[in-house]
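Taking it in order: structure first as structure tokens, then the write-up.
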There are 2 protein chains.
Amino acid sequence: MTSLVPVTDPADPRLSDYVRLRDVNLRKSLEAEHGLFVAEGEKVIRRAVAAGHPVRSLLMARRWAEPLADLLDGLPAPVYVADDAVLEQIAGFQVHRGALASMARLPLPSVDTVVAGARRILVLEDLVDHANVGSIYRCAAALGIDAVVLSPRCADPLYRRAVKVSMGAVFAIPYARMTNRRDDLAKLRASGFRLLALTPDQASTPLDTAPMGDRVALMLGSEGDGLSSHWLDEADERVCIPMSAGALANGVDSLNVTAAAAIACHALLRA
Amino acid sequence: MTSLVPVTDPADPRLSDYVRLRDVNLRKSLEAEHGLFVAEGEKVIRRAVAAGHPVRSLLMARRWAEPLADLLDGLPAPVYVADDAVLEQIAGFQVHRGALASMARLPLPSVDTVVAGARRILVLEDLVDHANVGSIYRCAAALGIDAVVLSPRCADPLYRRAVKVSMGAVFAIPYARMTNRRDDLAKLRASGFRLLALTPDQASTPLDTAPMGDRVALMLGSEGDGLSSHWLDEADERVCIPMSAGALANGVDSLNVTAAAAIACHALLRA
């Protein structure tokens, strides 16, 4: 087994990749600056490695090293071990899930590249919640979505919580980030994708009856406001998930974006 | 407007309903002991009041009192106002969403009572995550579910985070908690419900093709392990949501329980 490096000082500069993992603003700038992301737990770390992400380092309580022994063997990266109390001081929370790994990001492919050959794709506009992004990737991977395209401001799929909620599906589904939302939507249409905008508006076309064509791009909007009017205008068709007659009486006028995405991916798979 | 009661001491015993709102274990025993729950934010508080829950007290930054003025007028409960820093010390987090209300729980109806007249119900076995429970109630309220039945150990729908994620749907959908899981499942069947057990097992009946009958009870299992073998055995039919051919290659062998619930509620509504 590789040699483990004990650490005892939460301020040890070798651990700076792991500081304050729940501080979203800090992490955004730290991870962008160093081109890293953090994977948490054995399963997710293994999937990140299998997807080709270079490991910068690992950090864990000593008891987690044994189950990872085969992975750690021959890994050209330091493996730091620390007590639970030290881990908590560094990460800012109790690290239940086992090991943490700091991984290097890979250059994202272009939109053109990820949608080449794809039949069904999701296009996410400005989702802000990392758990929602992770949840949507897990659905996409289970339900036959070939690629995901993110708006310029959509939340990062490699943020720790998104990776965790996705159960590693962020490594399985190819994705790209738009550089220009207007041009990139037009390019998708030019590539033969039918752009469907999902909206809670019950006067729009029920998703199950919408013509799909050979290539479908389903656009999903942000948690609070849904799709912007520009994206709604760019769509070939506005589609909705029909709600029950009693939904409004129940005080509910929409589904949350992950529920809507699940139902929509399921509908696309059956179409 | 009702008179506001300024508070400055986070240890003020009048605020004990609101302490450490993120400490799940503390909150479970505190809320059970006092028969209370906490509603957060104007919309949710209004829905809780409309559902008939008596208000024990409210606690908020002074700026939130004005939008709630009509509700506070004539309310026979104290309205405490405090600085943001004091609120954070009491609640244990930054209270962004506006007001907090401590509400009295009402006696839950029996299983028999909530399912009388219901056509489609959900039966939740031992879900542990409050956000998942809240999310499932929101789907249920949007997609025509008439009632929810909870296993004895299922997470509490009136826990603050469940209420918040449900957008108040926990007040719209009647629900009951089983006292005996074995007897209560048998009673549901005796009442004419067809018990469908949702499982990731792709060899089971695809949900879309399962006969539903006049009354359907869809059983959903806990996040980690799914339904227990006992519940699977009690079911009239085991049903699955078909995944794509590539799901396993993507490393995904199941949907999360909220995504599965959304797809299943949608399928029940269309059946």
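Within every chain, numbering begins at 1; the chains are lettered A, B, ... in the order of the sequence lines, protein sequences first and strands thereafter.
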Heavy-atom pairs under 4.5 Å with chain A: which of B:Ala249, B:Ala267, B:Ala140, B:Ala141 has the most? B:Ala141
Shortest non-hydrogen contact from B:Leu255 to A:Ala142? CD2-CB, 3.7 Å
Measuring heavy-atom distances to chain A, does B:Ile241 have an atom under 4.5 Å in its side chain, in its backbone, in both, or in neither? side chain
Max heavy-atom pair count under 4.5 Å with chain A, selected residue of B:Leu248, B:Ile263, B:Leu143, B:Ile145: B:Ile263
Looking at chain B, which one of A:Ala261, A:Gly251, A:Ala259, A:Ala50 has the largest number of heavy-atom pairs inside 4.5 Å, strictly under? A:Gly251
Can you check whether chain B and chain A share any donor-acceptor pairs under 3.5 Å, and give the atom names and distances if they do?
from: A:Arg47; atom 1: NH1; to: B:Gly251; atom 2: O; distance (Å): 3.3
from: A:Arg47; atom 1: NH2; to: B:Asn250; atom 2: O; distance (Å): 2.2
from: A:Ser135; atom 1: OG; to: B:Asn256; atom 2: ND2; distance (Å): 3.3
from: A:Arg138; atom 1: NE; to: B:Ser254; atom 2: O; distance (Å): 3.2
from: A:Arg138; atom 1: NH2; to: B:Ser254; atom 2: O; distance (Å): 3.3
from: A:Arg138; atom 1: NH2; to: B:Ser254; atom 2: OG; distance (Å): 2.9
from: A:Arg138; atom 1: NH2; to: B:Leu255; atom 2: O; distance (Å): 3.3
from: A:Ala141; atom 1: O; to: B:Asn250; atom 2: ND2; distance (Å): 3.0
from: A:Ala142; atom 1: O; to: B:Ser244; atom 2: N; distance (Å): 2.8
from: A:Ala142; atom 1: O; to: B:Ser244; atom 2: OG; distance (Å): 3.3
from: A:Gly144; atom 1: N; to: B:Ser244; atom 2: OG; distance (Å): 3.2
from: A:Asp208; atom 1: OD2; to: B:Arg270; atom 2: NH1; distance (Å): 2.9
from: A:Ser244; atom 1: N; to: B:Ala142; atom 2: O; distance (Å): 2.8
from: A:Ser244; atom 1: OG; to: B:Ala142; atom 2: O; distance (Å): 3.3
from: A:Ser244; atom 1: OG; to: B:Gly144; atom 2: N; distance (Å): 3.2
from: A:Asn250; atom 1: O; to: B:Arg47; atom 2: NH2; distance (Å): 2.2
from: A:Asn250; atom 1: ND2; to: B:Ala141; atom 2: O; distance (Å): 3.0
from: A:Gly251; atom 1: O; to: B:Arg47; atom 2: NH1; distance (Å): 3.3
from: A:Ser254; atom 1: O; to: B:Arg138; atom 2: NE; distance (Å): 3.2
from: A:Ser254; atom 1: O; to: B:Arg138; atom 2: NH2; distance (Å): 3.3
from: A:Ser254; atom 1: OG; to: B:Arg138; atom 2: NH2; distance (Å): 2.9
from: A:Leu255; atom 1: O; to: B:Arg138; atom 2: NH2; distance (Å): 3.3
from: A:Asn256; atom 1: ND2; to: B:Ser135; atom 2: OG; distance (Å): 3.3
from: A:Arg270; atom 1: NH1; to: B:Asp208; atom 2: OD2; distance (Å): 2.9

Is chain A contacted by the side chain of B:Ile173, its backbone, both, or neither, given a heavy-atom distance below 4.5 Å? side chain
